[in-house]
Undergrad: 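Handing you a structure now.
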Amino acid sequence: MSKRIIIIGGGIIGLLSSRELLRRGHEVTLLEGGNLRGSASSGNAGVISPGHPPIPTPDVANRALKMMLDRRSPLYIPPRPSLSLLNWLLAFRKACRPSHYKMVSDVLDRFSMRSRELFDPLLKEIPSALEASGFWELVRTPEGLHHLVTERDRLEKAGFDVELKEGDDLHAEVGGWDQTVRAGLVHRLGIVARPDELLLHLAERMQAEGGTLRTASKVSRIHRDGQRFDSVELESSERIEGDTLLVTAGIWTTRFASDLDIRIPMQAAKGYHVMLEMERPPDCAAVLQEACVVVNPMGTHVRLAGTLELSGINDRMVRRRLDMLAEATRAYLSRIEQAKRVSEWNGLRPCTADGLPAIGQVPGLGNAFVATGHAMMGVTLGPGTAELVADCIDGRSIPDWARPMDIARYR
Ligand SMILES: Cc1cc2nc3c(=O)[nH]c(=O)nc-3n(C[C@H](O)[C@H](O)[C@H](O)COP(=O)(O)OP(=O)(O)OC[C@H]3O[C@@H](n4cnc5c(N)ncnc54)[C@H](O)[C@@H]3O)c2cc1C
């Protein structure tokens with residue numbers, strides 16, 4: 001039966017969910033507080049990476065204290081008096097246990113594989129924003145190579161198509177990188193995206209398919225009538241009613257905790273990008289493993305993206321961290337010295353403490369749903385999330401394998 005669905009948040013999760021819900025015959029109104037250009041979904045690195053590991057890993061737990069204190073660490077947690085941060089860190093530490101890491105990786109591997117299948121029609125529809133070219137993970141050090149071997153074994157075991165290349169074999173396949181790069185793991189299922197273009201295309205398509213998109217429409221409150229969602233209220237005081245609510249507001253989903261009566265333990269993990277104009281950009285997208293920087297060539301430009309900083313919900317640009325992107329990349333691509341910086345950006349990843357997204361029906365509110373908490377994998381997991389949350393809205397229960405992602409775990 002067709003429902004009138006209101007979606008809050010026009011990032012990648014909101015737009016892909018709109019697309020799926022419209023395809024299933026529902027009526028969709030998407031309310032976006034901004035203009036589709038500022039969110040994590042438009043400024044991210046643009047690497048769709050099935051099999052990507054979660055943030056909480058046994059290895060991160062061992063390095064956490066050092067990272068908290070080291071301003072130059074790619075993962076940086078500036079000390080600040082915050083009870084929610086402290087609780088999040090305690091839960092995060094628990095999630096780094098090997099048994100939890102294994103469970104989370106298994107779920108994310110399966111989910112990202114399903115999501116990858118669902119990208120196929122999008123690849124045909126939006127060739128200007130999505131290319132199934134695969135991407136590389138590049139390393140310079142013996143420790144980096146050791147990491148690649150471990151990753152290759154893990155990914156092959158889980159059924160992903162990867163291959164390790166070293167020395168001349170590597171440089172014969174990837175053009176433009178310095179000889180200091182000693183090995184690379186190619187992720188053949190990877191897709192390279194132009195995130196800004198992808199969002200704008202999805203926004204255009206959802207309107208062409210009959211959906212309503214309202215930008216500059218920030219929701220200030222969700223109203224309920226007992227155990228049912230009733231309407232949303234915009235900052236302008238306008239009220240909009242619907243049969244069903246879906247909240248996909250990224251990290252800002254936490255602002256609706258009291259309206260929805262559910263607390264999702266999430267922290268904003270700030271990331272940065274710089275856009276460079278460059279004469280001969282490298283000919284493939286790559287994750288620079290030791291530097292924790294992603295390099296995504298886009299025509300005559302290159303996007304360098306990375307760093308993960310738990311400094312709360314704000315858009316403060318910390319120059320030192322922004323500059324770290326180009327500095328760290330130079331060791332793999334010295335020609336970057338001559339490149340001209342044309343723009344800078346930062347955005348917030350919505351990170352749960354347990355490393356899994358939070359998807360499904362809000363406990364105690366029969367007609368309200370949430371899909372958020374995708375951390376470093378929002379684009380990668382986008383189509384799978386849209387399918388899963390649309391299934392929930394259509395009354396299907398979450399399959400057993402995906403149950404660890406059910407938002408009901410925060411009941
Ligand atoms: C530097 C960086 C690099 C990344 N690289 C990758 C990558 O290579 N691959 C990958 O898969 N992922 C990557 N990510 C992660 C990915 O970008 C996020 O997981 C994803 O964008 C989250 O999408 P979202 O739709 O949940 O949230 P968002 O993109 O944050 O969108 C939420 C939207 O909700 C709107 N909103 C908020 N509050 C309200 C309100 N009250 N009313 C109306 N609208 C509201 C916001 O304006 C925003 O547009 C990266 C992130 C960063 C920061």
Side-chain angles (χ1 to χ4, degrees), residues 6-18 29-50 52 55 74 108 112 115-116 119 135 190-196 198-199 202-203 213-222 232-235 240 246-256 259 266 268-274 285-287 292-296 303-309 313 315 321-322 325 344-352 357-359 370-386 389:
I6 294 177
I7 302 184
I8 305 177
I12 191 73
I13 302 298
L15 282 164
L16 285 169
S17 302
S18 304
T29 300
L30 174 55
L31 302 170
E32 163 55 40
N35 63 1
L36 303 174
R37 286 172 202 276
S39 67
S41 298
S42 74
N44 65 72
V47 171
I48 290 154
S49 49
H52 193 290
I55 301 178
L108 291 180
S112 61
S115 214
R116 176 61 183 82
F119 263 109
F135 70 93
I191 297 174
V192 180
R194 293 184 181 214
D196 339 48
L198 175 61
L199 269 203
L202 290 171
L213 170 63
R214 291 182 54 178
T215 51
S217 298
K218 191 165 175 188
V219 175
S220 56
R221 258 199 88 181
I222 296 168
V232 295
E233 185 174 330
L234 302 187
E235 275 191 340
I240 306 172
L246 171 59
V247 186
T248 56
I251 188 63
W252 297 276
T253 304
T254 51
R255 299 238 156 116
F256 296 113
D259 292 349
M266 280 205 296
K270 190 186 285 176
Y272 294 83
H273 87 220
V274 290
V287 177
C292 299
V293 173
V294 182
V295 179
N296 183 347
R303 176 173 292 182
L304 309 184
T307 88
L308 210 144
E309 174 189 313
I313 302 183
D315 61 0
R321 299 197 58 77
L322 191 69
L325 294 173
E344 305 168 341
W345 170 93
N346 73 57
L348 303 175
R349 305 172 184 90
C351 291
T352 57
I359 301 170
V370 167
T372 188
H374 294 79
M376 301 167 88
M377 296 180 73
V379 192
T380 304
L381 300 175
T385 300
V389 80

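In each ligand, atom 1 is the first atom listed, and ligand 1 is the first ligand listed. All figures in this text were calculated on a predicted structure; none of them were measured in a lab.
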Undergrad: So how far is it from Phe119 CZ to Thr380 OG1, rounded to the nearest 0.5 Å?
TA: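 Answer rounded to 0.5 Å: 6.5 Å.
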Undergrad: Going by the order shown, which atoms of ligand 1 are within less than 4.0 Å of some heavy atom of Gly9?
TA: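 Answer for ligand 1: 33 (C), 34 (O), 35 (C), 44 (N).
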Undergrad: Which atoms of ligand 1 have any heavy atom of Phe256 under 4.0 Å away?
TA: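 Reading through ligand 1 atom by atom, the close ones are 41 (N).
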Undergrad: For Tyr272, run the side chain to side chain donor-acceptor pair (under 3.5 Å) check against Glu309, Glu344, Arg321 and tell me which one passes.
TA: Glu309
Undergrad: Got a second to check how far Ser17's OG is from Ile7's CD1, nearest 0.5 Å?
TA: 5.5 Å
Undergrad: Would you kindly specify which portion of Phe135 sits under 4.0 Å from ligand 1, judged on non-hydrogen atoms: side chain, backbone, both or neither?
TA: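 Looking at Phe135 and ligand 1, no heavy atom falls under 4.0 Å.
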Undergrad: Ile12: heavy atom below 4.0 Å from ligand 1, yes or no?
TA: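 Distance cut 4.0 Å: Ile12 passes for ligand 1.
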Undergrad: Nearest to atom 21 (O) of ligand 1, what protein heavy atom do you find, and at what distance?
TA: Ser41 OG, 2.8 Å
Undergrad: Any idea which part of His273 is under 4.0 Å from ligand 1, heavy-atom wise: side chain, backbone, both or neither?
TA: neither
Undergrad: With Thr385, which residues qualify under side-chain hydrogen bond (donor to acceptor under 3.5 Å, both in side chains), at least two apart?
TA: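 Once residues adjacent in sequence are excluded, the partners of Thr385 under the side-chain hydrogen bond (donor to acceptor under 3.5 Å, both in side chains) criterion are His374.
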Undergrad: Could you grab the distance from atom CG of Asp196 to atom CG of Leu36, nearest 0.5 Å is fine?
TA: 11.0 Å
Undergrad: When you measure from atom 16 (C) of ligand 1 to each heavy atom in Gly43, Ala285, Gly378, Pro195, which option holds the nearest one?
TA: Gly378
Undergrad: Of all the heavy-atom pairs spanning Asp259 and Ser220, show the shortest one and how long it is.
TA: OD2-O, 4.5 Å
Undergrad: Taking 4.0 Å as the limit for heavy-atom contacts, which would you say applies to Met377 with ligand 1: side chain only, backbone only, both, or neither?
TA: backbone
Undergrad: Check Leu31 against ligand 1 and report side chain, backbone, both or neither, counting heavy atoms closer than 4.0 Å.
TA: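 For Leu31, the contact with ligand 1 is made by the backbone alone.
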Undergrad: Out of all atoms in ligand 1, which are within 4.0 Å of some heavy atom of Gly33? Include the element for each.
TA: 43 (C), 44 (N), 45 (C)
Undergrad: Val294: heavy atom below 4.0 Å from ligand 1, yes or no?
TA: no
Undergrad: Without swapping roles, check the side chain of Thr215 against the backbone of Asn35 for a donor-acceptor pair under 3.5 Å.
TA: no
Undergrad: Hey, what do you get for CG (Asn296) to CZ (Arg194), rounding to the nearest 0.5 Å?
TA: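 Taking CG in Asn296 and CZ in Arg194, the distance rounds to 8.0 Å.
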Undergrad: Counting heavy atoms only, name the option from Arg349, Arg214, Glu235 that's nearest to atom 52 (C) of ligand 1.
TA: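 When every heavy atom of Arg349, Arg214, Glu235 is considered, Arg349 comes closest to atom 52 (C) of ligand 1.
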Undergrad: State, with a plain yes or no, whether a side-chain heavy atom of Ile313 is found less than 4.5 Å away from one of Thr254.
TA: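 Result yes, sub-4.5 Å side-chain heavy-atom pair found.
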Undergrad: Give the atom numbers and elements of ligand 1 that come within less than 4.0 Å of a heavy atom of Ala375.
TA: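 Those of ligand 1 that fall under 4.0 Å from Ala375 are 15 (C), 16 (C), 18 (C), 19 (O).
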Undergrad: Backbone, side chain, both or neither: what part of Ser42 comes under 4.0 angstrom of ligand 1, heavy atoms only?
TA: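 None of Ser42 does.
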Undergrad: Using a strict cut-off of 4.0 Å, indicate which atoms of ligand 1 neighbour a heavy atom of Trp252.
TA: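 Counting atoms of ligand 1 from 1, those under 4.0 Å from Trp252 are 30 (O), 37 (C), 38 (N).
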Undergrad: Nearest heavy atom to atom 41 (N) of ligand 1: which of Val219, Ile48, Thr307 does it belong to?
TA: Val219
Undergrad: If the condition is side-chain hydrogen bond (donor to acceptor under 3.5 Å, both in side chains), which residues does Glu233 pass it with, not counting sequence neighbours?
TA: His223
Undergrad: May I ask you to list the atoms of ligand 1 that are less than 4.0 angstrom from any heavy atom of Val379?
TA: 10 (C), 11 (O), 12 (N)
Undergrad: Which atoms of ligand 1 are found less than 4.0 Å from any heavy atom of Tyr272?
TA: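 Heavy-atom distances to Tyr272 below 4.0 Å select 1 (C).
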Undergrad: Please report the interatomic distance OG1(Thr29) to CG(Leu246), rounded to the nearest 0.5 Å.
TA: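 Rounded to the nearest 0.5 Å, the OG1-CG separation comes out at 12.5 Å.
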Undergrad: Under 4.0 Å from a heavy atom of Ala45: give me the atoms of ligand 1 that qualify, with their elements.
TA: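 What qualifies from ligand 1 is 3 (C), 4 (C), 5 (N), 6 (C), 8 (O).
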Undergrad: Could you give the distance from OG (Ser41) to CG (Leu199), rounded to the nearest 0.5 Å?
TA: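 CG of Leu199 is found 5.5 Å from OG of Ser41.
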